[in-house]
Student: 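Before I ask anything, here is the structure I am working with.
Every value quoted in this text rests on a predicted model; they were computed, and no experiment measured them. Note on naming: letters A, B, ... go to the chains in the order of the sequence lines (proteins, then strands), and numbering restarts at 1 for each one.
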Number of protein chains: 2
Amino acid sequence: MRQAILVTMESAPTSGRIGVDSALNQLRRRHQRITPARVAVLEVLSGGVGHMSAAEIVDLAADRTPGVHRATVYRALSTLCDLGIVTHTHIAGAGTIYHLADVHGVAHAHLQCSVCGSVIDLPAEALSPLTRTVRDSYDFTLEPQHAALIGVCTNCR
Amino acid sequence: MRQAILVTMESAPTSGRIGVDSALNQLRRRHQRITPARVAVLEVLSGGVGHMSAAEIVDLAADRTPGVHRATVYRALSTLCDLGIVTHTHIAGAGTIYHLADVHGVAHAHLQCSVCGSVIDLPAEALSPLTRTVRDSYDFTLEPQHAALIGVCTNCR
DNA sequence: CTGCTTGCAAAGTGTTTGCAGGCCC
DNA sequence: GGGCCTGCAAACACTTTGCAAGCAG
């Protein structure tokens, strides 16, 4: 019943996401240091299709820049998320996935299948009615891309 | 003292959720055993207001039925969830919360504040437009109460 | 050179599992 | 009394932290 495997069903490459150059520029602009570890993380995120788990990023980063430590990757991801350069999404029962931030105006949310664990991208605008309702009725500002919506996908039904 | 609080709360309006008796009956009907540990978990869930973390349930269950072990509470919760007697919701970065299942027709989802961590109940019907969209466009069956929606609450903004 | 970042190891969380014994039905 | 449930301890997955050394700016 526990879903540990993370399968990504995303076919489209990283369209709509910022690039490594843009990310590095933002770092410079914010007076943050450009370090090998951070570059590695950004390039890994840029290179992969879709979302990646922390474990995947750790492996691939250490792959391309040997010596990069797990803890460093976590710290880099944390920093990059704080700066808005990277976005993270909480996945039920399987930690967190990361990707480069969306370019302005094309934010997206995630659907997660509770059976097979696959994650599907969803335009954030699909949530706008809900966002409005929640804002009006509860004075609550929804962050639609921050947690995956759970359900069952076509294949698993 | 904690016991007194529990008893007091037990008479409080746990509106919309099934009761302990109903839960026990369902267990019997499904030929599942009624054990002290399971009764303790159900009464704790029934007594508390709103959602409880696994850790809270463990503490309170051990409180009212000394000797109940952590692992047993987890197993009881797992069983009860499988039977649909208890519902669980994944909370970003903080594990899982549990409560007695909703009585038919009054399902609810959850809003979680990413700043203070508080969890707010939300009628599931607020998600029906989204549920429809996702069903029509992605052939994806949403389970709105399975994961909390994240955002920022009034107080934290 | 200053102090933010890193590598390392170890500690934290939250949850699960193997096993022998216990108790519900 | 058979077999599901339990207590225990240990394992598990994921993430964080204290510290001394290292490197970016």
Side-chain angles (χ1 to χ4, degrees), chain A residues 1-6 24-42 51-59 61-62 64-83 85-86 88-98 117 147-148, chain B residues 24-42 51-59 61-83 85-86 88-98 112 117 147-148:
Chain A
M1 86 181 214
R2 250 339 163 117
Q3 188 60 44
I5 315 146
L6 176 64
L24 292 178
N25 280 332
Q26 286 189 55
L27 276 180
R28 272 186 274 267
R29 210 171 302 141
R30 305 285 276 280
H31 306 292
Q32 301 294 317
R33 293 183 183 171
I34 313 284
T35 66
R38 289 177 178 176
V39 174
V41 167
L42 287 172
H51 342 79
M52 309 182 75
S53 68
E56 286 172 325
I57 299 169
V58 167
D59 287 347
R64 73 164 289 113
T65 307
V68 175
H69 195 269
R70 223 178 19 262
T72 304
V73 170
Y74 275 102
R75 283 189 276 228
L77 285 169
S78 173
T79 304
L80 292 168
C81 285
D82 286 350
L83 294 170
I85 295 170
V86 166
H88 68 279
T89 301
H90 298 280
I91 293 296
T96 309
I97 56 176
Y98 301 83
Chain B
L24 293 177
N25 280 334
Q26 286 189 57
L27 275 179
R28 273 186 273 267
R29 211 172 302 140
R30 307 285 278 277
H31 307 294
Q32 302 293 318
R33 293 183 182 172
I34 312 284
T35 64
R38 290 178 177 175
V39 173
V41 166
L42 287 171
H51 343 78
M52 310 184 75
S53 69
E56 286 172 326
I57 299 169
V58 166
D59 287 348
D63 225 36
R64 70 164 280 116
T65 307
V68 175
H69 195 269
R70 213 168 49 250
T72 304
V73 171
Y74 275 102
R75 283 190 275 230
L77 286 170
S78 174
T79 304
L80 293 167
C81 284
D82 287 350
L83 295 170
I85 295 170
V86 166
H88 68 282
T89 301
H90 298 280
I91 293 297
T96 309
I97 55 175
Y98 300 84
Q112 177 195 5

Student: Please report the closest heavy-atom contact between B:Gly117 and B:Gln112, naming both atoms and the distance.
Tutor: O-CG, 4.2 Å
Student: Report the end-to-end axis angle of the helix from C:dC1-D:dG25 to C:dC25-D:dG1; each axis comes from five terminal pairs, and the value is rounded to 10°.
Tutor: 40°
Student: I need the B:Leu77 CG to B:Met52 CE distance, nearest 0.5 Å.
Tutor: 10.5 Å
Student: How close do A:Val68 and A:Ala62 get, heavy atom to heavy atom, and via which atoms?
Tutor: O-CB, 3.9 Å
Student: If I compare all heavy atoms of B:Ile34 with all of B:Leu24, which pair ends up nearest, and what's the gap?
Tutor: CD1-O, 3.8 Å
Student: Distance check needed: D:dC14 P versus A:Asp59 CG, whole Å only.
Tutor: 11 Å
Student: Roughly how far, to the nearest 0.5 Å, is the CG atom of B:Leu80 from the CD1 atom of B:Ile85?
Tutor: 5.5 Å
Student: May I ask you to evaluate whether B:Thr72 reaches the phosphate of D:dG7, defined as a side-chain N or O under 4.0 Å from OP1 or OP2?
Tutor: yes
Student: For A:Leu77 and C:dT6, give me the distance from atom CG to atom P, rounded to whole Å.
Tutor: 11 Å
Student: May I ask you to say what B:Arg70 touches in the nucleic acid, namely base, sugar-phosphate or nothing, with a heavy-atom cut-off under 4.0 Å?
Tutor: base
Student: Using atom CD1 of A:Ile91 as one end and atom P of C:dT15 as the other, report the distance to the nearest whole Å.
Tutor: 17 Å
Student: Using a 4.0 Å cut-off on protein heavy atoms (strictly under), produce a 5'-to-3' string for nucleotides 18-25 of chain D with B for base contact, S for backbone-only sugar-phosphate contact, and - for none.
Tutor: B-----BS
Student: Determine whether a donor-acceptor pair (N or O, by modelled atom type, separation under 3.5 Å) exists between the side chain of B:Ser78 and the backbone of B:Tyr74.
Tutor: no
Student: So which one's nearest nucleotide on DNA chain C is more toward 5', B:Ala55 or A:Val73?
Tutor: A:Val73
Student: When the distance from CG of A:Asp82 to C1' of C:dC4 is rounded to whole Å, what number comes out?
Tutor: 15 Å
Student: Got a second to check how far B:Arg30's CZ is from B:Leu83's CG, nearest 0.5 Å?
Tutor: 5.0 Å
Student: Taking all atoms of both residues into account, what is the closest heavy-atom pair of B:Arg38 and B:Gln32, and its distance?
Tutor: NH1-CB, 4.0 Å
Student: Would you mind reading off the distance between A:His88 atom NE2 and D:dT15 atom C1', rounded to a whole angstrom?
Tutor: 13 Å
Student: Find the distance A:Leu27:CG to C:dC4:P and express it as a whole number of Å.
Tutor: 16 Å
Student: Verify the contact: side-chain N or O of A:Tyr74 to OP1 or OP2 of D:dT16, cut-off strictly under 4.0 Å; return yes or no.
Tutor: no
Student: Kindly say if A:Ser78 contacts the phosphate of D:dT16, meaning a side-chain N or O under 4.0 Å from OP1 or OP2.
Tutor: no
Student: Specify the separation, in whole Å, of atom NE2 of A:His69 and atom P of D:dT17.
Tutor: 15 Å
Student: Looking at CZ of A:Arg64 and CG of A:Asp59, how far apart are the two atoms once the value is rounded to the nearest 0.5 Å?
Tutor: 14.5 Å
Student: Expressed as a whole number of angstroms, how long is the span from B:Leu24:CG to C:dC25:P?
Tutor: 10 Å
